[in-house]
Amino acid sequence: MRTISENKCFGGVQGVYAHPSEATGCEMTFGLFLPAEAAQGPVPVLWYLSGLTCTHENAMTKAGAQKWAAEAGIALVFPDTSPRGEGVANDPAYDLGQGAGFYVNATQDPWAPHFKMWDYVAEELPRIVTAAFDIDEDRQAITGHSMGGHGALTLAMRLPGRFRSVSAFAPIANPTASDWGRKQFTAYLGADEGKWLDHDATHLMRELGFDGEVLIDQGASDQFLDLLRPEALSQAMAARRQPGTFRMQAGYDHSYFFVSTFIPDHIAFHAEALWR
């Protein structure tokens with residue numbers, strides 16, 4: 001692992017690091033904020049998964065999360081959204097290829113050699129982060145925005161016991177019934193729609209639910225509502241009687257202005273679960 005940058009931030013350190021990845025077969029970059037408490041010992045961690053077109057940098061610089069994480073004494077990890085570099089498959093469309101990994105393990109060409117984002121985020125990067133930094137691996141939570149909200153929810157439900165809490169900002173909630181999902185799942189996973197269900201938060205909510213609290217914020221003026229399908233996830237939560245909160249926020253869109261407005265609520269929500 002190599003250090004790209006480290007900056008003092010709210011009493012802690014905001015770092016950016018790169019490492020060769022066995023999962024993706026290329027160099028991967030991630031951001032990590034460590035609060036001041038990490039100098040005294042391991043701290044809880046909140047994973048933040050970003051959306052389409054993003055890198056590790058978008059939430060790190062736009063969400064304003066470090067201030068609130070510092071106050072709560074928790075670390076933040078900002079993974080990249082896909083493999084990158086020479087020899088990594090790509091597509092001219094913004095919603096496929098580099099920047100659009102969808103947190104799945106691709107099985108189809110030309111994506112299969114590098115697009116193993118499930119393995120990377122679920123297994124490899126947690127091993128690297130907990131081995132190299134003062135992170136308490138028994139106190140983890142996860143959140144994300146849009147495609148990252150989809151990833152956060154599916155990881156949380158399919159890895160019971162890993163995360164104490166999960167939240168999402170405007171998640172792609174029902175990708176098997178949306179153009180944001182059907183296109184990418186066909187490309188990455190093939191035409192068998194049965195293989196898509198493990199990556200659909202609405203389906204997983206109906207079948208599995210989450211063994212903790214859930215918080216969802218959705219902008220009511222989001223320009224992508226038809227693609228996100230929040231009503232499907234809300235109905236699945238209600239049908240399962242999932243503990244949690246689903247909030248439609250009047251006037252808010254899909255942007256980081258929306259995320260930065262409600263990130264204090266989300267970090268407080270996770271901090272309560274992490275320090276319980």
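Predicted model, so just to flag it, every value in this text is computed and none were measured.
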Inspect the surroundings of [atom1] in [X] and state if more than 12 heavy atoms from other residues, nucleotides or ligands are less than 6.0 Å away.
| X | atom1 | value |
| --- | --- | --- |
| Asp179 | CG | no |
| Phe257 | CZ | no |
| Glu272 | CD | no |

Quick one: do [X] and [Y] make a salt bridge, cutoff under 4.0 Å?
| X | Y | value |
| --- | --- | --- |
| Glu193 | Arg182 | yes |
| Arg139 | Asp136 | yes |
| Arg276 | Glu213 | no |
| Glu123 | Arg162 | yes |

- Message: Is any side-chain heavy atom of Ser21 closer than 4.5 Å to one of Glu124?
- Response: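 In short, these two side chains touch, coming nearer than 4.5 Å.
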Mind listing the side-chain donor-acceptor pairs of residues 34-48 below 3.5 Å, one per line with the distance, residues two or more places apart or on another chain?
{"from": "Trp47", "atom 1": "NE1", "to": "Gln140", "atom 2": "OE1", "distance (Å)": "2.9"}
{"from": "Tyr48", "atom 1": "OH", "to": "Tyr256", "atom 2": "OH", "distance (Å)": "3.3"}

- Message: Please report the interatomic distance CZ(Arg158) to CZ(Phe210), rounded to the nearest 0.5 Å.
- Response: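 Arg158 CZ to Phe210 CZ: 14.5 Å, rounded to 0.5 Å.
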- Item | Interatomic distance, Arg206 atom CZ to Met237 atom CE [nearest 0.5 angstrom] |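 If I round to the nearest 0.5 Å, the distance is 13.0 Å.
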- When the aromatic ring centroids of Phe262 and Phe169 are compared, is their separation below 6.0 Å?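 Not close enough - the centres of the two rings lie 6.0 Å or further apart.
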- Between the main-chain N or O of Val129 and the side-chain N or O of Glu137, is there a donor-acceptor pair closer than 3.5 Å?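 It does not hold such a pair.
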- Task: Taking side chain to side chain donor-acceptor pair (under 3.5 Å) as the test, write out the residues that go with Thr202, two or more places apart.
- Result: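 Result, side chain to side chain donor-acceptor pair (under 3.5 Å) vs Thr202: none returned.
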- Query: If you measure only the distance, is there a donor-acceptor pair under 3.5 Å linking the side chains of Thr24 and His114?
  - Reply: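 Distance-only check fails for Thr24 and His114.
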- Worked check of side-chain hydrogen bond (donor to acceptor under 3.5 Å, both in side chains) between Tyr17 and Glu6: CA-CA 9 Å; Tyr17 308 95; Glu6 289 182 331; 2.6 Å; yes
